[in-house]
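Just so we're clear, the structure is a prediction, and the values are computed from it rather than from any experiment. Proteins get letters first, then strands, A, B, ... in listed order; numbering begins at 1 in each. Hydrogens, waters and symmetry mates play no part in the numbers below; they use all other heavy atoms, side chains included.
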Amino acid sequence: MSDLSIDNTHDQHAVRMAKLDELRAAGRDPFRASFAVSHLSGDARKLYVDGQDNAVNVSVAGRIVVIRDMGKSQFVKLFDQQSGSEAGPIQIYVKKDVVGDEAYASFKKLDLGDIIGAEGTLFKTKTGEITVRVDRFVLLAKALRPLPEKWHGLSDPEQVYRQRYLDLIVNRESRERLLLRSRIVSHIRRFLEARQFIEVETPVLQNVAGGAAARPFTTHHNALGMDFFLRISLELYLKRLLVGGIDRVFEIGRNFRNEGISRRHNPEFTMLEVYQAYSDFRGMMELVKALLQSLCADVLGTSKIRHAASGLEIDFSGDWREVPYKQLIRETTGDADWFERTKDQKIAGAEALDLKVDPKWEEFEITNEIFSKKIEPTLIQPTFVTHLPKELCPLAKLNHEDPGVLDVFELIIGGMEIAPAYSEQNDPIEQRRMFEAQAGEEKQNIDHDFILALEHGMPPAGGMGIGIDRLCILLSGAESIRDVIYFPQLRTQSAAGAP
RNA sequence: GGGUCGAUAGCUCAACGGUAGAGCAGCGUCCUUUUAAGUCGUUGGUUCUGGGUUCGAAUCCCAGUCGACCCA
């Protein structure tokens, strides 16, 4: 039957193609359309009643990730969605005298990586592992390529990102980290919905890429004969919905920025933005604190996490530090009159802190360089930095006592910006003025249609954004944004391993 | 964009100027409660690509591709 040539036994793809031909020649379909699964692996295991072997029938399916061939019986482990837990893949036990000679012979031809379905009864092995004693099994999908090594897994970072499916199968930490992201996002939705927030979707293709200062991607719509930008922010459309009377609104969506790729930056990334009419940045403080504390409690099961970069413990419980931006700058520069200094004096001050500053920068950019390089990385515990200079964001309300600063905060945790929040600007005249006053790297594109919406009246509101990727880096202890995105952006390459 | 480091069997890694090896996987055998199962045997390489140096290059040099890290 087998026409494997001796020369080919090292070529695992060729060996498996030959097995495939054999199956087809024998009239078996190696790629089935469906299988009746009674339980996912973890749920199946829970059905076992202690001391009552072979009393409960289950039907499970998954990928073969372990084969222990004992001659006339085999222990095999099947990997499915629930295999990420402590218990790992579910074990099945196939005995020749249970399934019969013919079925057993075909079972022996299965390979690591094949996907099968199995029906049988639950029992506990000598060593105490709940296992399915198989009465019947069926090959559901033949794997023509081998799995990575069973003990060391897959460690080549390039292959981990390009063939994430392999990483997910063999590297438990990767799988748990990425599944944690799903639980985080799910929790955020439930938290906000419980507070009467409504989830919406707004355009990704935009005429004006507004709401932030960043280089957008451009694309082209053929039928309209016009160029579009991919959005860089969710903000301006969600505020239009505030005008439209959707008072508590949020979106979790992908933004695109045509900028560098690094451990902290992927060209497409996910933002949560939340707007609450009749609230303000103080209300957002309460909201984001409650959100993160409930995330810790319900998803992580702890209020303390280890900060991957510094090794320090971050404590989310209790009250969080609140400190004005200007105070931090004055403390760090040791200059109580920093904001009264001339530009040359600020340049000298920044250089005294070992910072390189471009003389072409605006004064607020020099000051902000001190903030982002010398202050932000040191803020490990959750810290609300409040009242940023007005030049840093045109979309927030100016503070009443000090019109040089904004009624905003930036929540810093683990040295990373996690959540900015504003008392949102709803004065259309002032909004236009602030857009036009923007300079340097903070300059935004002006969306006149958005101003028109404001002219119809937007209720006072608090707004808040969270970078979901960064939040996941923080909460999962990941080192890189690539570790919390299934398919991070890489340079394209011809298909690896193609025949 | 600049700098540093890396790419060897399907996977994880050796070999560091002198015959490219190991473990796992694969192939063939033994074994009906294994836990990285065990056992005996065995196949497997465009050493990322292209140049160069050398009697001889996986190894040294140059250029490129892809990736990681740091910086801008």
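Counting non-hydrogen atoms of other residues, nucleotides and ligands closer than 6.0 Å to CD of A:Glu331 gives a total above 12. For A:Glu441, the CD atom is loosely surrounded, since the number of other residues' heavy atoms within 6.0 Å does not exceed 12.
Checked by distance alone, A:Lys126 brings no side-chain donor or acceptor within 3.5 Å of a matching partner on the base of B:U34.
Between the side chains of A:Tyr486 and A:Asp167, no donor-acceptor pair of N or O atoms lies under 3.5 Å. Side-chain contact, A:Gln163 with A:Gln159: a donor N or O sits under 3.5 Å from an acceptor N or O. Between the side chains of A:Ser41 and A:Asp80, at least one donor N or O lies within less than 3.5 Å of an accepting N or O.
B:U43 and B:C27 are spaced 7 Å apart, taking the C1' atom of each and rounding to whole Å. Comparing the C1' positions of B:C31 and B:A22 gives a spacing of 26 Å, expressed to the nearest Å. Comparing B:G6 with B:U49, their C1' atoms sit 16 Å apart, to the nearest whole Å. Separation of the P atoms belonging to B:A15 and B:U54 is 27 Å when rounded to the nearest angstrom. B:G56 sits 36 Å from B:C69 when the C1' atoms are compared, rounded to a whole Å. Comparing the P positions of B:U42 and B:U33 gives a spacing of 29 Å, expressed to the nearest Å. As rounded to the nearest Å, B:U8 and B:G45 have C1' atoms that lie 8 Å from one another. Nucleotides B:U47 and B:C60, compared at atom P, are 16 Å apart to the nearest Å.
Put simply, CG on A:Asp354 and NZ on A:Lys373 are 12.5 Å apart, with the number rounded to the nearest 0.5 Å. With values rounded to the nearest 0.5 angstrom, A:Ile468 atom CD1 is found 12.0 Å from A:Ile473 atom CD1.
Following rounding to the nearest Å, A:Phe75 (CZ) and B:G38 (C1') show an atom-to-atom distance of 14 Å. In this structure, CD1 of A:Ile130 is placed 17 Å from P of B:U34, rounded to the nearest angstrom. The interatomic distance linking A:Phe107 (CZ) with B:U32 (P) rounds to 16 Å, in whole Å. We find that CG of A:Leu166 is positioned 10 Å from P of B:U12, with the value rounded to whole Å. As rounded to whole Å, 14 Å separates atom P of B:C31 from atom OH of A:Tyr93. In this structure, the CG atom of A:Asn171 is 17 Å from the P atom of B:A36, given to the nearest Å. A:Gln74 has its CD atom 13 Å from the P atom of B:A37, to the nearest Å. For the pair A:Met17 CE and B:G10 P, the computed distance is 17 Å after rounding to whole Å.
The aromatic rings of A:Tyr104 and A:Phe107 sit parallel, their planes meeting at an angle under 30°, below the 60° perpendicular limit. Between A:Phe217 and A:Phe256, the ring planes lie perpendicular to each other; the angle is over 60°, past the 30° to 60° tilted range. Using a 30° and 60° split on the angle between ring planes, A:Phe384 and A:Phe409 fall in the perpendicular class, above 60°.
Regarding contacts with the backbone of B:U33, every side-chain N or O of A:Thr127 stays at 4.0 angstrom or more from both OP1 and OP2. Note on A:Gln91: every side-chain N or O is 4.0 Å or more away from OP1 and OP2 of B:U35.
Each of A:Lys19, A:Lys142, A:Arg63, A:Arg32 was evaluated against A:Asp114; a single residue qualifies, A:Lys142, per the salt bridge (Lys or Arg N to Asp or Glu O under 4.0 Å) test.
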Quick one: what's the B/S/- string for nucleotides 67-72 of chain B, heavy-atom cutoff under 4.0 Å, read 5' to 3'?
-> SSSS--
How is the base pairing of RNA chain B summarised as a dot-bracket string, given the Watson-Crick and G-U wobble criteria with both distances under 3.5 Å, [ ] for crossing and | for another strand?
-> (((((((..((((....[..)))).(((.(.......).))).....(((((..]....)))))))))))).
Grab the N/O contacts between the protein and nucleotides 24-26 of chain B below 3.5 Å, and write none if there aren't any.
from: B:A25; atom 1: OP1; to: A:Lys150; atom 2: NZ; distance (Å): 3.4
from: B:A25; atom 1: O2'; to: A:Gln12; atom 2: OE1; distance (Å): 3.3
from: B:A25; atom 1: N3; to: A:Gln12; atom 2: NE2; distance (Å): 3.0
from: B:G26; atom 1: O2'; to: A:Thr9; atom 2: O; distance (Å): 2.7

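Using a cutoff of 4.0 Å between basic side-chain nitrogens and carboxylate oxygens, A:Lys72 and A:Asp97 are not scored as salt-bridged. Ionic pairing of A:Glu313 and A:Lys304 is not present here: no N-O contact between side-chain nitrogen and carboxylate oxygen is shorter than 4.0 angstrom.
Each of A:Thr131 and A:Leu154 lies near RNA chain B, and the nucleotide nearest A:Leu154 is the one positioned closer to the 5' end.
A:Thr125 comes within contact range of at least one nucleobase, with a heavy-atom separation under 4.0 Å.
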